[in-house]
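Please read the structure below before turning to the comments.
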Amino acid sequence: MTRDYPLERLRNIGIIAHIDAGKTTTTERILFYTGKTYKMGSVDDGTTVTDWMEQERERGITIVSAAITTIWKDYQINLIDTPGHIDFTAEVQRSLRVLDGGVMVFDGVQGVEPQSETVWRQADKYNVPRICFVNKLDRMGASLSYSIKTIREKLGANSIQMQVPIGAEANFRGVVDLMTMTAVYWDDDKDSETNIEKIPDDLIEKARSRRAEMVEKIAELDDELTIKFLENEEISEEELKKALRKAVINNLASPVFCGSSLKNKGVQLLLDAVVDYLPSPQDIPSIKGIDLKTQEEVFRKTSDEEPLCALIFKIVSDPYAGRMAYFRVYSGKMVQGVMAYNVSNGKKERIGRLLRVFADHREDVQEVGTGDIGAVLGLREASTGDTICGPTHQILLERIKFPEPVISIAIEPKTVVDQDKLDKALKSLSEEDPTFKVKLDENTGQTLISGMGELHLEILVDRMLREFNVQANVGKPLVSYRETISNPVPKVDYKYVKQSGGHGQYGHVVFSLEPVARGTGLSFINKIVSGKVPREYFKAVESGVREAAESGIVAGFPVTDIKVTFYDGSFHEVDSSEMAFKMAATFAFREGVAKGKPILLEPIMKVEALIPDEYLGDILGQLNSRHAEITGMESRPGNAHAVNAHVPLSEMFGYATDIRSASQGRGVFTMEFSHYAPASKEVMEKYL
């Protein structure tokens, strides 16, 4: 099967933003104008294409990222609509890992919001080039200049204004395109044509001034254009576009476009910008991985002729199709029926049905080429982050890193019949969502499920009921604390010796433990010299430490932010074994933590409360009563204030009800995990 579109005409993009900025509505308009749908969906009516789950349509939010393939002006666009709610951050991270470019949507009234910052930083982490779309310019209080100011100040982005709005708020009816210096109008009617006219007289001066700024900012990014600009030579539209495209691909600039997706304004020009400025797979660097034989870095070129190399970024349990794995091909081709090798787990699997995905609809294809995104059925052993390649050309790509869950609830089946269903549902959902963890509490025998927030767990429990027909009792939310030490322990010397008939057991380890910076995690350093402990036991020692840390030492919570150094020990020629050294390491670690003055760490949340000015005092009082540390306040359009604070997660349960009652339903807040910090005295006394 030949490729429908050459590589340079392929775009892999994500729509990313703060919750309620208009991502899904923008995606719906993109699908309509690219001819993929013939009727526009509405978030309010629950008729959108990408929000296809029942829970998404009921709540009017995006929960899972949805992949769609569409066409615009002979360019193939693979588009992923990502969630904005921070509880579903894993969906954003795994999407950004495999995308080449992003469209960052901002609310024209609020500008940069807390989760706008979070997803922007995530895109920075993966070096994803971005263009910006300031949405909702038809709303009262909307301001393009305010939004651009917040993009520059809060995100530190080199944003370049590409358009000037024609009309404001309810009278917003079009834009001046600064690249072509023409006025572009749309009627509210979705079927209306784009009308290109002369710039209105009252906007000519402003448009000329903004264009001069745009030309200067683009010229600064290109040496040749800088010389032309300084010598007052004319710079052509083609030269400007070429220089801006290069700057966007190198993450040196983010052009800003504007419109109102709900009122069908600005989306066609946004699509043109996706084609003009965001990279094709050919524009990004060759993918880097590890050659398992030599353990050296290797690169694969973006070409169908190279050996296969693909990354699985999402697993979905479809009630009709079965287990489906979404993947991005970085080199070579994924061909149906061919045997492939999963480097991450060392297993060979045959490639089953290949699909091109359109949200919850699919079409069969025979192969998926370099740079493309598709889905495959039948990979039983694959999980999120696995690398798939040809059996003879093995390369391991970097896995996707996900945040640890911060909140847990106990769950139990209502009947014996539900137990098997529950086990199946938990296994399936944890395969889909890497931030959803399941564990058995050894002290109580309860099954604990952990996630990124109350909404995250609420949705998962709802899915168990609807998709897996599991009737379950659910406990109150519990905070996922962590354990660490506050004092270094220079030496822990532990011998594990057992004698019985025949061979005994002998393992001897000497550790030092020291606390490290918050967020560092648990690190294991091996400094054994001159054969005091044979090399074959090293892995068992580390495994013993990590397993002990996972189950907790003092209060049953995972241990973190400790550096364990293994620097001495001894062995017995006959009685030593991997199991003996693993047990020695486990007991030594437990003893070391107990000596290191253990403390609990609690998750601290970054909270932003947005409230009308008249309720500011009441909201500040509420936050202070919840042990909040106020980190900043700023005025927002429409006589409102944004209050930023760090608050312990344990103090935030039920806050949604409190803020609504204190502000007559007008206050809203957003919350995301910030960091772990030593728990309060009350919490310590409760658990230690």
Side-chain angles (χ1 to χ4, degrees), residues 89-90 93 118 121-122 125 399-408 434-435 437 439 441-442 448 450-453 478-492 494 509-527 538 541-567 585-606 627 629 631 646-652 672-688:
T89 184
Q93 284 195 221
T118 303
R121 304 287 173 233
Q122 286 173 331
K125 178 181 165 188
R399 289 192 79 87
I400 310 170
K401 292 185 177 72
F402 296 103
E404 287 295 312
V406 294
I407 188 170
S408 305
T435 58
K437 306 276 189 196
K439 96 169 194 184
D441 187 321
E442 292 175 3
L448 294 179
S450 306
M452 299 307 297
L478 306 165
V479 175
S480 289
Y481 295 101
R482 296 285 183 270
E483 298 177 17
T484 192
I485 56 174
S486 51
N487 290 345
V489 182
K491 184 176 181 179
V492 183
Y494 194 92
V509 297
V510 183
F511 292 160
S512 69
L513 279 67
E514 57 184 295
V516 291
R518 296 284 166 260
T520 309
L522 179 76
S523 60
F524 179 85
I525 311 294
N526 187 348
K527 287 194 173 175
F538 291 173
V541 172
E542 182 172 357
S543 176
V545 168
R546 292 197 180 279
E547 283 185 23
E550 192 60 40
S551 56
I553 309 300
V554 186
F557 299 110
V559 181
T560 189
D561 298 344
I562 296 179
K563 183 169 87 170
V564 180
T565 305
F566 176 30
Y567 66 89
T586 297
F587 286 118
F589 182 72
R590 287 177 174 275
E591 190 178 294
V593 170
K595 285 180 178 176
K597 200 177 176 187
I599 59 169
L600 284 187
L601 301 174
E602 65 180 338
I604 304 297
M605 309 306 283
K606 180 177 160 191
H627 301 117
E629 177 195 339
T631 57
H646 284 140
V647 193
L649 173 61
S650 57
E651 300 284 350
M652 288 304 293
E672 62 180 284
F673 172 70
S674 173
H675 60 280
Y676 272 94
S680 65
K681 189 180 174 186
E682 294 81 12
V683 170
M684 297 267 202
E685 287 172 355
K686 182 179 176 184
Y687 288 101
L688 297 183

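- Taking each heavy atom of V593 and I485 in turn, the nearest pair found is O-CG2, 3.7 Å.
- What you find for S408 and S480 is that their closest heavy atoms are OG-OG, 3.0 Å.
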Inset, instruction - Quick one: do H627 and S680 satisfy side-chain contact (heavy atoms from CB on, under 4.5 Å)? Show the steps, please. - result: CA-CA 10 Å; H627 301 117; S680 65; over 6 Å; no

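- Here the CG atom belonging to L522 is positioned 5.0 Å from the CZ atom belonging to R546, to the nearest 0.5 angstrom.
- S450 contributes atom OG, which lies 9.0 Å from atom CD1 of I407 (distance to the nearest 0.5 angstrom).
- No donor-acceptor distance shorter than 3.5 angstrom exists from the side chain of T565 to the backbone of I525, with no hydrogens or angles considered.
- With T484 contributing its side chain and T560 its backbone, the two residues share a donor-acceptor pair below 3.5 Å.
- Applying the ring-ring contact (aromatic ring centres under 6.0 Å, His included) rule to F524 yields no partners; only residues at least two apart in sequence or on another chain are considered.
- Crowding of K491 atom NZ: a count of heavy atoms from other residues, nucleotides or ligands under 6.0 Å not exceeding 12.
- A heavy-atom distance below 4.5 Å is not found between the side chains of R518 and H675.
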Legend entry - Derivation of the side-chain contact (heavy atoms from CB on, under 4.5 Å) call for M684 and I599: CA-CA 7 Å; M684 297 267 202; I599 59 169; 3.6 Å; yes

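- Across E483 and A555, no two heavy atoms sit closer than the pair OE2-N, 2.7 Å.
- For K597, the NZ atom counts as loosely surrounded, since its 6.0 Å shell holds 12 or fewer non-hydrogen atoms of other residues, nucleotides or ligands.
- Taking CZ of F538 as the reference point, atom CG of N526 lies at 4.5 Å (rounded to 0.5 Å).
- Expressed to the nearest 0.5 Å, how far NZ of K527 lies from OG of S512 amounts to 7.5 Å.
- Nearest approach of I604 to P648, heavy atoms of both residues: CD1-CA, 3.9 Å.
- The heavy-atom pair separating Y481 from F557 by the smallest distance is O-CB, 3.3 Å.
- Within 6.0 Å of NZ in K595 there are more than 12 heavy atoms belonging to other residues, nucleotides or ligands.
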Legend entry - Trace of the side-chain contact (heavy atoms from CB on, under 4.5 Å) decision for T586 with E547: CA-CA 8 Å; T586 297; E547 283 185 23; 5.5 Å; no

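- Distance alone, capped at 3.5 Å, is enough to place a donor-acceptor pair between the D561 side chain and the G521 backbone.
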Legend entry - Stepwise side-chain contact (heavy atoms from CB on, under 4.5 Å) check, L513 with F589: CA-CA 8 Å; L513 279 67; F589 182 72; 4.2 Å; yes

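- Atom CD of E514 sits about 4.0 Å away from atom NZ of K563, to the nearest 0.5 Å.
- Counting all heavy atoms, side chain and backbone alike, M605 lies closest to F673 at CE-N, 3.4 Å.
- Counting only distance, with no hydrogens or angles, the side chain of N487 and the backbone of G596 share no donor-acceptor pair below 3.5 Å.
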